[in-house]
Enquirer: 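Before I ask anything, let me first share the structure, which is written out below as structure tokens.
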Amino acid sequence: MERRVDYRTAPCLAAARAAATALLDTLAARCATLELEALETVAAAGSLGRLEIATRSDFDAVFVARAGAAPARVEREIAAVLDAAAACGLVPPKPDGIFRDAVSRAALLEPGARGRLDEPPALFGKRMQCLLDARPLYGAAAFRELRGAVLQWYADGRPGLADLQNDLKRYLHSYAAWQQHKRSRSDDDSWALRQAKLGTVRLLTFAGLLVLLGAASCQADAERTRWLASRLDATPLERLALVMGGRDPHAFQRVLADYEFCFARLSDAAFRQRLIDHDDDMSQAGAATAALGEIAPAAERLLHELTAFVLAQRERWDAGFFSGLVFWGRPYS
């Protein structure tokens, strides 16, 4: 079942994984001393959830409040966790992002939310993060039970995990469009930096779940959810190693090499600063566009290599999976 990543050719990713694992242990130990009562579970997402800590990583986290918890108590406990994360050197989540507020289990599992286009992005995003890259910091058993319930929530919709495939596509495309047109900047963020992340770490995060869904499509309907659930503890890179590395190891090694290159550049503080120091007029060449140009060939190869691998599974994975990529998987289901 398990296929580990061979990090001998990816020293930067190996170092990031070791640092992230140690940081997770430290932060989990701190959270255990906070006597959290209003929060049912706290899960790390983003770079910490992927075990890919880089320069000035944000503390992206999914906070799940207990049913009936007082909002003021929830807020105090979130603040305490954020303080603990800051003490570990993590940057607080962005004020306008989805990782500052708690969500309830009931909201994540609301039956009427399936397919709703007007669902708040913060709620939709947190549900997806539970399956994309989150891993528990506090209340590990509660998180894994909730993640299983979220997966079952999708399975209880349309057959073949079609709802999950649709939502993954929706999240991927809406996120890409948002990042393309979001032109705001700050002292530690910019359009160019977000584009660099989108074409590398974000791409692999989405790809990790997508290839699991493709491989799961070979299973009988009754087994797909169980098969997928047993592999969700794997990081996005490990998911690719399992599916892609198992089927086409040479292609996976090419992906690993390009990802290592991009990740190493993004982990370099001077390179990241070049991405941040951009001109607001993106039609003018500058430091940021030059920096983007340095990783663009590797990022483009990542995109094409992953696309080619998925398409090469046309005769192996279920036809409904590929119909779902283009249109939808099972009509009238």
Enquirer: Consider salt bridge (Lys or Arg N to Asp or Glu O under 4.0 Å). Of R50, R135, R17, which one does E238 pass it with?
Expert: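 Option passing the salt bridge (Lys or Arg N to Asp or Glu O under 4.0 Å) with E238: R17.
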Enquirer: Quick one: side chain to side chain contact (heavy atoms under 4.5 Å, CB included) partners of A16, sequence neighbours excluded?
Expert: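 F263.
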Enquirer: Taking C-beta and beyond as the side chain, do F271 and L275 meet within less than 4.5 Å on heavy atoms?
Expert: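 Contact flag for F271/L275 side chains = yes.
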Enquirer: Any idea which heavy atoms bring T41 and A142 closest together, and the distance?
Expert: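 Shortest heavy-atom separation between T41 and A142 comes out as CB-CB, 4.2 Å.
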Enquirer: Hydrophobic clusters here meaning ILVMFWY residues chained together by side-chain heavy-atom distances under 4.5 Å, can you tell me if L210 and Y175 are in one?
Expert: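 L210 clusters together with Y175.
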Enquirer: Is R116 salt-bridged to E110, cutoff N-O under 4.0 Å?
Expert: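 Not counted as a salt bridge, because no side-chain N and carboxylate O are separated by less than 4.0 Å.
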Enquirer: Using side-chain heavy atoms (C-beta onward) and a distance below 4.5 Å, is L237 in contact with Y259?
Expert: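 Side chain of L237 against side chain of Y259, heavy atoms only: contact under 4.5 Å found.
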Enquirer: Looking at R76 and E37, is any side-chain nitrogen of the basic one under 4.0 Å from a carboxylate oxygen of the acidic one?
Expert: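 Looking at R76 together with E37, the answer is no, because their closest N to O distance does not fall below 4.0 Å.
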Enquirer: Hey, does R265 have a side-chain heavy atom less than 4.5 Å from the side chain of E294?
Expert: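 SC-SC contact between E294 and R265 confirmed.
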Enquirer: Is the NZ or CZ atom of R314 both under 6.0 Å from the centre of the six-membered ring of W317 and within 45° of that ring's axis?
Expert: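 Cation-pi check for R314 and W317: fails.
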Enquirer: Do L168 and M128 touch side chain to side chain, with heavy atoms closer than 4.5 Å?
Expert: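 Counting from C-beta outward, L168 and M128 do come under 4.5 Å.
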Enquirer: With a 4.5 Å limit on heavy-atom distance, are the side chains of F321 and V310 in contact?
Expert: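 Side chain of F321 against side chain of V310, heavy atoms only: contact under 4.5 Å found.
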Enquirer: Compare every heavy atom of R316 with every heavy atom of C218, then report the nearest pair and how far apart it is.
Expert: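 That would be SG-O, 3.3 Å.
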Enquirer: Give the cluster check for V74 versus F143: same hydrophobic cluster or not, with ILVMFWY residues linked at side-chain heavy-atom distances below 4.5 Å.
Expert: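 Different hydrophobic clusters.
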Enquirer: For the residue pair F309 and F252, is the inter-centroid distance of their aromatic rings smaller than 6.0 Å?
Expert: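 So the answer is no for these two rings.
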Enquirer: Hey, are the side chains of Q152 and T225 touching, using non-hydrogen atoms and a 4.5 Å cut-off?
Expert: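 Yes, at least one pair of side-chain atoms sits under 4.5 Å.
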Enquirer: Nearest heavy-atom pair of I98 and P121: which atoms, and what distance?
Expert: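 Looking at all heavy atoms of both residues, the shortest contact is CG2-O, 4.4 Å.
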Enquirer: About how many Å separate CE of M244 and CD of Q253, when rounded to the nearest 0.5 Å?
Expert: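 Spacing of CD (Q253) from CE (M244) equals 10.0 Å.
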Enquirer: What are the two closest heavy atoms between L212 and R239, and how far apart are they?
Expert: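 What the structure gives for the nearest pair is CD1-CD, 3.5 Å.
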Enquirer: Decide side-chain contact (heavy atoms from CB on, under 4.5 Å) for D101 and K126; before the verdict, give the C-alpha distance in whole Å, the side-chain angles of both, and the deciding distance to 0.1 Å.
Expert: CA-CA 10 Å; D101 302 318; K126 287 169 186 170; 4.1 Å; yes
Enquirer: Determine yes or no for a side-chain-to-main-chain donor-acceptor pair under 3.5 angstrom, with E305 supplying the side chain and R254 the backbone.
Expert: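 Here the side-chain-to-backbone pair does not exist.
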Enquirer: Can you tell me how far apart CZ (R73) and CZ (R66) are? Round to the nearest 0.5 Å.
Expert: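 The CZ atom of R73 sits 10.5 Å away from the CZ atom of R66.
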Enquirer: Take a 6.0 Å sphere around CZ of R170 and say whether it holds more than 12 heavy atoms from other residues, nucleotides or ligands.
Expert: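 Above 12, so yes.
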Enquirer: Should D189 and K197 count as an ion pair when the cut-off is N to O under 4.0 Å?
Expert: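 No, this pair does not count.
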Enquirer: According to a hydrophobic-cluster definition based on side-chain heavy atoms being under 4.5 Å apart (Ile, Leu, Val, Met, Phe, Trp, Tyr only), do V211 and V201 belong together?
Expert: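 They do share one cluster, since a chain of ILVMFWY contacts under 4.5 Å joins V211 to V201.
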Enquirer: Is there a path of hydrophobic side-chain contacts, each under 4.5 Å between heavy atoms of I, L, V, M, F, W or Y residues, that connects L228 with L325?
Expert: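 In one cluster with L228: L325, yes.
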Enquirer: Would you name the heavy atoms of A102 and L39 that are closest together and state the gap between them?
Expert: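 Taking every non-hydrogen atom into account, CB-CD2, 4.5 Å.
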Enquirer: Tell me whether E260 contacts the main-chain N or O of C12 through its side chain, where contact means a donor paired with an acceptor under 3.5 Å.
Expert: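 Indeed, once roles are kept as given, a pair shorter than 3.5 Å links the two residues.
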Enquirer: Can you tell me if R158 uses its side chain to pair, donor with acceptor, with the backbone of D163 under 3.5 Å?
Expert: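 No, the answer is negative, given that no donor and acceptor are paired below the 3.5 Å cut-off.
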Enquirer: Identify the two heavy atoms, one from V255 and one from L302, that lie closest to each other, and give their separation to 0.1 Å.
Expert: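 Closest pair (atom of V255, atom of L302, distance): O-CD2, 3.4 Å.
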Enquirer: Can you establish whether the number of heavy atoms outside D118 located under 6.0 Å from its atom CG is more than 12?
Expert: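 It does: D118 CG has more than 12 such atoms within range.
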Enquirer: Do R100 side-chain atoms and P95 backbone N/O form a donor-acceptor pair below 3.5 Å?
Expert: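 Flag not set: sc R100 to bb P95 has no pair under 3.5 Å.
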Enquirer: Report yes if the side chains of L164 and L151 come closer than 4.5 Å at any heavy-atom pair, otherwise no.
Expert: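 With C-beta onward as the side chain, the pair touches.
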Enquirer: State the CG-CZ distance between L306 and R301, to the nearest 0.5 angstrom.
Expert: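 That separation rounds to 12.5 Å.
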Enquirer: Taking the basic N atoms (NZ, or NE/NH1/NH2) and the acidic carboxylate oxygens, is any pair closer than 4.0 Å for R127 and D167?
Expert: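 So R127 does not pair with D167 through a salt bridge.
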Enquirer: With side-chain contact (heavy atoms from CB on, under 4.5 Å) as the criterion, how do L48 and L23 come out once you've worked through the C-alpha distance, each side chain's angles and the decisive distance to 0.1 Å?
Expert: CA-CA 8 Å; L48 188 55; L23 183 55; 4.2 Å; yes
Enquirer: Which value, rounded to the nearest 0.5 Å, describes the distance between R274 atom CZ and S190 atom OG?
Expert: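 Answer for the CZ-OG pair, R274 versus S190, is 12.0 Å.
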Enquirer: Working to the nearest 0.5 angstrom, can you tell me the gap between L172 CG and T205 OG1?
Expert: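 One gets 10.5 Å once the value is rounded to the nearest 0.5 Å.
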Enquirer: Nearest 0.5 angstrom please: I53 CD1 to L24 CG, how far?
Expert: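 If we round to the nearest 0.5 Å, I53:CD1 and L24:CG are 7.5 Å apart.
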Enquirer: Are R114 and W153 close enough that some pair of their side-chain heavy atoms sits under 4.5 Å apart?
Expert: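 A side-chain contact under 4.5 Å exists here.
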Enquirer: What's the verdict on side-chain contact (heavy atoms from CB on, under 4.5 Å) for L90 and D58, showing C-alpha distance, side-chain angles and the deciding distance?
Expert: CA-CA 6 Å; L90 290 164; D58 290 347; over 6 Å; no
Enquirer: For Y171 and Q129, which I'm curious about, is there any donor-acceptor pair between the side chains at under 3.5 Å?
Expert: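 Indeed, the side chains of Y171 and Q129 share at least one donor-acceptor pair under 3.5 Å.
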Enquirer: Between K94 and D96, does any side-chain N to carboxylate O distance fall below 4.0 Å?
Expert: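 No.
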Enquirer: Do E77 and Y138 have a side chain donor and acceptor closer than 3.5 Å?
Expert: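 No - no donor-acceptor pair under 3.5 Å links their side chains.
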Enquirer: Does R30 use its side chain to pair, donor to acceptor, with the backbone of D25 at less than 3.5 Å?
Expert: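 Side chain of R30 to backbone of D25: no pair is present.
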Enquirer: So L13 and L256, side-chain contact (heavy atoms from CB on, under 4.5 Å) or not? Walk me through it.
Expert: CA-CA 9 Å; L13 284 164; L256 182 61; 4.0 Å; yes
Enquirer: Would a hydrophobic clustering, with Ile, Leu, Val, Met, Phe, Trp and Tyr connected at side-chain separations under 4.5 Å, put L27 with F63?
Expert: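 Yes, L27 connects to F63 through the hydrophobic network.
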Enquirer: Using atom types as modelled and distance alone, determine if a side-chain donor or acceptor of K182 lies under 3.5 Å from a backbone N or O of R194.
Expert: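 Such a contact is absent between K182 side chain and R194 backbone.
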